[in-house]
Engineer: 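I have a structure I would like to understand better, so I am pasting it below and will then ask my questions one at a time.
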Amino acid sequence: MISNTLAVGIQGIQDGMVGMDNAARKIARGGTDGPQGTAEGAGSLVEPIVDLKIYERSVEASAQVVKTADETLGTLLDIMA
């Protein structure tokens, strides 16, 4: 059960990092989807910036899952020792 929880947490971190990388690439392109200097070009940055923040929170939550599973495993090992 604990190892499954660890695996889910680690997978969440990996997925979040991939999402952050993709969002950062879109931001780095600088809204090149629309005409430069227009609201359309700037507006294309809104979605990847929001996505970046969502993925950041996802990674933080997954890291907390891993931390909690690690602490639980440590407690179980202490009890059994």
Side-chain angles (χ1 to χ4, degrees):
M1 182 81 158
I2 300 270
S3 63
N4 187 36
T5 303
L6 278 170
V8 168
I10 291 170
Q11 185 63 49
I13 291 170
Q14 291 172 338
D15 292 346
M17 295 300 290
V18 168
M20 288 175 69
D21 184 56
N22 289 336
R25 288 176 193 273
K26 289 178 184 177
I27 293 167
R29 285 198 301 260
T32 56
D33 295 338
Q36 190 170 8
T38 65
E40 184 183 337
S44 66
L45 288 176
V46 173
E47 186 176 344
I49 290 172
V50 171
D51 288 345
L52 184 63
K53 199 62 169 172
I54 290 170
Y55 285 120
E56 178 185 7
R57 296 292 184 214
S58 174
V59 169
E60 289 172 356
S62 295
Q64 186 62 45
V65 168
V66 171
K67 179 181 176 189
T68 302
D70 179 57
E71 290 170 354
T72 302
L73 182 59
T75 301
L76 289 173
L77 289 172
D78 289 344
I79 290 171
M80 295 181 78

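Everything quoted here is computed from the prediction, not taken from an experiment.
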Engineer: Please indicate whether Met20 has more than 12 foreign heavy atoms, meaning atoms of other residues, nucleotides or ligands, lying under 6.0 Å from its CE.
Structural biologist: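 Counting neighbours around CE of Met20, more than 12 heavy atoms of other residues, nucleotides or ligands fall under 6.0 Å, so yes.
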Engineer: Measure the NZ-CD1 distance between Lys26 and Ile49 for me, rounded to the nearest 0.5 Å.
Structural biologist: 12.5 Å
Engineer: May I have all residue pairs that pass salt bridge (charged side-chain N to carboxylate O under 4.0 Å, His left out) and include part of residues 16-25, sequence neighbours excluded?
Structural biologist: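 The answer is Asp21-Arg25.
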Engineer: Nearest 0.5 angstrom please: Ile13 CD1 to Glu60 CD, how far?
Structural biologist: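 One gets 11.0 Å once the value is rounded to the nearest 0.5 Å.
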Engineer: Are the side chain of Ser58 and the backbone of Ile54 linked by a donor-acceptor contact shorter than 3.5 Å?
Structural biologist: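 Answer holds: no.
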Engineer: When clusters are formed by joining ILVMFWY residues with side-chain heavy atoms under 4.5 Å apart, either directly or through shared neighbours, do Val65 and Met17 land in the same one?
Structural biologist: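 Each belongs to a different hydrophobic cluster.
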Engineer: Using residues 2-10 as the side-chain source, report each donor-acceptor pair under 3.5 Å to any protein atom, sequence neighbours left out, with the distance given to one decimal.
Structural biologist:
| unit_1 | atom_1 | unit_2 | atom_2 | d |
| --- | --- | --- | --- | --- |
| Thr5 | OG1 | Met1 | O | 3.0 |

Engineer: Which atoms form the tightest heavy-atom contact between Ala23 and Pro48, and what is the distance?
Structural biologist: CB-O, 3.5 Å
Engineer: What residue pairs, at least two apart or across chains, pass side chain to side chain donor-acceptor pair (under 3.5 Å) with a residue in residues 66-75?
Structural biologist: Gln64-Thr68
Engineer: Count I, L, V, M, F, W, Y as connected when their side-chain heavy atoms are under 4.5 Å apart, and connections chain through other members. Are Val59 and Ile27 then in the same cluster?
Structural biologist: yes
